[in-house]
> 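Dropping the structure in here first, questions after.
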Number of protein chains: 2
Amino acid sequence: METVWSALVDPHRRALLDLLREGPRAVGELAGELGLSQPMTSKHLRVLREADLVRVRTQAQRRIYTIAPDRMAELDAWLAPYRRLWNDRLDALGRHLDDDDDDRKET
Amino acid sequence: METVWSALVDPHRRALLDLLREGPRAVGELAGELGLSQPMTSKHLRVLREADLVRVRTQAQRRIYTIAPDRMAELDAWLAPYRRLWNDRLDALGRHLDDDDDDRKET
DNA sequence: CCCTTATATGCCTTGACACGTATATACAAA
DNA sequence: TTTGTATATACGTGTCAAGGCATATAAGGG
């Protein structure tokens, strides 16, 4: 769990995950799209790998990285009890003000 | 947003928020319950304060800290597109068991 | 006014981490 | 094997933050 937090705190690693959310990619593609050097990309991917946030499969010389969202569910579980707090707060605001009324939960 | 991440990455600060989720408390109480020194508690609270994750009000010599969950909603927003991923995964696993359409949380 | 309580801040050390550069490893084609 | 491509790792460096300790600030009570 702490590994997940320390992996996600870095903006580059979150950007990597955002890219991988659209589909599996090789290291070179990720580096190119983020404007990141290849060694740094590999290092960041290693951190994500050791946090079980991504998986890798080998295809010729390329390493194809895939997102593995299970551990992010843990983060969501941590966040869950707080979600109630800000929902209540939005409810309270919505009762007093009319500008924020609909669509406050479940994207 | 980055401020929120770097504030939440520290386990002590997350523990502080977990305590404040149950209700507002003074610095001394928080320090006592976490076994943390008073200066460190104040410093961590400062980080949370500057990330707008807590608010403080003065009551005599005490500073009463309250949770301010609005910024955590941003984190939830970042997490939202991933939630679809692991929900799909759970759906695939549990398709033959209990099959309801959407909301499967609230344990 | 002291004096005590409660909290914040300043200084310092240490450790972790991001980054760049260079090199190593893995695989494939010639 | 040699060469080229793709990725990983090793090393050195600078930065930044957590932690302890001491001290400053604030507020109330005698």
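First the proteins, then the strands, lettered A, B, ... as listed; each starts at 1.
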> Which whole-number value in Å describes the distance from B/Arg57 CZ to D/dA27 C1'?
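So the two atoms are 17 Å apart, to the nearest Å.
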
> How close or far is atom P of D/dA6 from atom CG of A/Leu45, stated in whole angstroms?
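Interatomic distance, CG of A/Leu45 to P of D/dA6: 16 Å.
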
> Roughly how far, to the nearest 0.5 Å, is the CG atom of A/Leu85 from the CZ atom of B/Arg21?
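Atom-to-atom, B/Arg21:CZ and A/Leu85:CG are 7.0 Å apart.
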
> Strictly below 4.0 Å: does A/Arg46 bring a side-chain N or O up to OP1 or OP2 of D/dA8?
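Indeed not, no polar side-chain atom of A/Arg46 lies that close.
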
> In whole angstrom, what separates A/Leu34's CG from D/dT7's C1'?
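The distance from CG of A/Leu34 to C1' of D/dT7 comes to 16 Å, rounded to the nearest Å.
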
> Below the 4.0 Å mark, does C/dA6 have OP1 or OP2 next to a side-chain nitrogen or oxygen of B/Tyr65?
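The answer is no; no side-chain N or O of B/Tyr65 sits under 4.0 Å from OP1 or OP2.
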
> If I take atom CD in residue A/Gln61 and atom C1' in nucleotide D/dT5, what distance separates them, rounded to the nearest angstrom?
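Distance, rounded to whole Å: 5 Å.
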
> Whole angstroms only, please: what is the CZ-P distance between A/Arg49 and D/dA8?
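Distance check: A/Arg49 CZ to D/dA8 P gives 6 Å.
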
> Find the distance B/Arg62:CZ to C/dT7:C1' and express it as a whole number of Å.
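Going from CZ in B/Arg62 over to C1' in C/dT7 covers 11 Å.
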
> Under a 3.5 Å threshold, yes or no: a donor from one side chain and an acceptor from the other, between A/Asp18 and B/Tyr82?
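The criterion, which ignores hydrogens and geometry beyond distance, is satisfied for B/Tyr82 and A/Asp18.
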
> Counting heavy atoms not belonging to A/Glu33, are there more than 12 under 6.0 Å from its CD?
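Result for CD/A/Glu33: enclosed.
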
> Whole Å only: how far is the CG atom of A/Leu16 from the P atom of D/dT7?
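Taking atom P of D/dT7 as the reference, CG of A/Leu16 is at 13 Å.
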
> Given atom CD of B/Gln59 and atom P of C/dT7, what is their separation to the nearest angstrom?
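Between P of C/dT7 and CD of B/Gln59: 10 Å.
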
> Checking side-chain hydrogen bond (donor to acceptor under 3.5 Å, both in side chains) for the pair A/Tyr65/A/Arg49: CA distance, chi angles, key distance, verdict?
CA-CA 9 Å; A/Tyr65 279 82; A/Arg49 217 173 49 217; 2.9 Å; yes

> State plainly whether the residues A/Arg83 and A/Asp76 are in salt-bridge range, i.e. N to O under 4.0 Å.
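Here A/Arg83 pairs with A/Asp76 in a salt bridge, since their nearest N and O are under 4.0 Å apart.
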
> For nucleotides 18-25 of chain D, read 5' to 3', which letter fits each nucleotide if B means a protein heavy atom sits under 4.0 Å from the base, S means only the sugar-phosphate is that close, and - means neither?
SBBBB---

> Does the pair A/Glu29/A/Arg62 count as a salt bridge with the N-to-O cut at 4.0 Å?
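So A/Glu29 pairs with A/Arg62 through a salt bridge.
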
